[in-house]
Protein chains: 2
Amino acid sequence: MSDVFKALSDPTRREVLQMLKAGPRSAGDLADAFPVSKPTMSAHFNVLRGAGLVSIEKAGKSVIYHLNVSVLEEALLGFAGAFGLGQRPPAKRSKEEKETP
Amino acid sequence: MSDVFKALSDPTRREVLQMLKAGPRSAGDLADAFPVSKPTMSAHFNVLRGAGLVSIEKAGKSVIYHLNVSVLEEALLGFAGAFGLGQRPPAKRSKEEKETP
DNA sequence: ACAACGATTAGACAATTAGCTAATTGTCAT
DNA sequence: ATGACAATTAGCTAATTGTCTAATCGTTGT
């Protein structure tokens with residue numbers, strides 16, 4: 001859980017995830033979209049992978065990164081849920097139930 | 001946004017927020033619930049405050065911390081929303097609409 | 001076999017972080 | 001004004017982070 005939020009705390013990594021939302025992409029392809037060196041991007045990929053937010057698939061010389069939406073969902077909505085956030089509007093209570101608020 | 005996720009990336013700080021969910025609490029009261037020194041806790045409070053996740057209210061010798069749910073909500077659900085997460089199931093589209101996916 | 005290419009690892013560096021103890025500030029009651 | 005108490009600031013250390021360049025590893029095409 002900490003790993004996910006740590007991963008999300010960097011703007012570059014958040015943008016990578018947003019790009020991946022549109023579909024899988026190669027490391028170099030992703031790296032080209034950012035103004036930092038490829039080794040730096042590789043480090044970012046490792047953080048994302050460590051958090052379970054992305055998975056890899058090797059294809060020839062390339063490495064394809066995939067977004068793991070479920071992990072993102074579990075962390076974000078799971079934590080939000082602990083605060084009653086993002087919940088379906090609670091069913092209205094009857095007058096009887098309301099007597100014990 | 002980065003500040004919020006950075007703040008959430010520490011388990012102690014996440015727990016502080018969870019405690020604050022039940023209602024406002026003094027610094028020392030919060031600090032007593034964790035196995036670290038008070039100055040360390042004070043630093044954590046500063047991080048939470050910098051992210052806008054908590055506000056303070058001074059009361060005599062004490063400082064009372066309040067949770068800012070709206071900031072948490074905006075960050076968590078805002079980002080989740082960018083991935084189509086935590087959304088009400090989208091209305092079903094008619095056959096005509098489906099022709100242009 | 002070898003050169004070229006995509007990607008990662010190795011190693012270095014400055015900046016940041018979480019933690020501590022000791023010192024300081026601010027408020028209240030005596 | 002003094003003492004007690006809540007909280008923060010100051011100053012330190014060890015560990016982690018983001019970034020770089022240079023070197024290495026794997027795969028493909030000649």
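Worth knowing before you read on, the calculation uses all heavy atoms, side chains too, and leaves out hydrogens, waters and symmetry mates. Within every chain, numbering begins at 1; the chains are lettered A, B, ... in the order of the sequence lines, protein sequences first and strands thereafter.
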Tell me which nucleotide among [options] gets nearest to the side chain of [X].
X	options	result
B/D10	D/dT9, C/dA18, D/dT19	C/dA18
A/P39	C/dA10, D/dT27, D/dA7	C/dA10
B/R13	D/dA4, C/dT9, C/dA18	C/dA18
B/F45	C/dC28, C/dG19, D/dT8	D/dT8
B/V47	C/dT9, C/dA7, C/dA18	C/dA18
A/T40	D/dT19, D/dT28, D/dT8	D/dT19

Distance test, side-chain N/O of [X] to OP1/OP2 of [N], below 4.0 Å:
X	N	value
B/H44	C/dG19	yes
A/S37	D/dC20	yes
B/S62	D/dA7	yes
A/K6	D/dT17	yes
A/S26	C/dA7	yes

Between A/A43 and B/A27, whichever has its closest DNA chain D nucleotide further toward 5' is B/A27
Find the distance [X]:[atom1] to [N]:[atom2] and express it as a whole number of Å.
X	N	atom1	atom2	value
A/M41	D/dT19	CE	P	9 Å
B/K38	D/dT9	NZ	C1'	16 Å
B/F5	C/dT16	CZ	P	22 Å
B/K61	D/dA4	NZ	C1'	6 Å
A/L30	C/dT8	CG	C1'	15 Å
B/Y65	D/dA7	OH	P	9 Å
B/E57	C/dG26	CD	P	19 Å
A/D29	C/dA7	CG	C1'	13 Å

d(B/R13 CZ, B/L48 CG) to nearest 0.5 Å is 6.5 Å
In terms of heavy-atom contacts, A/D3 and A/A51 come closest through O-CB, 3.5 Å
Heavy-atom closest pair (B/F83 atom, A/L17 atom, distance to 0.1 Å) is CE2-O, 3.5 Å
**Q.** Aromatic ring pairing B/F5/A/F5, orientation class (parallel under 30°, perpendicular over 60°, tilted between)
**A.** parallel
**Asked** Counting N and O atoms only, with roles assigned by atom type, does the side chain of B/N68 sit under 3.5 Å from a partner on the main chain of B/S70, one being a donor and the other an acceptor?
**Response** no
So what does B/T12 hit on the nucleic acid, given a heavy-atom distance under 4.0 Å: a base, only sugar-phosphate, or nothing?
nothing
Could you check whether A/S2 and B/R14, counting side-chain N and O atoms only, form a donor-acceptor pair closer than 3.5 Å? yes
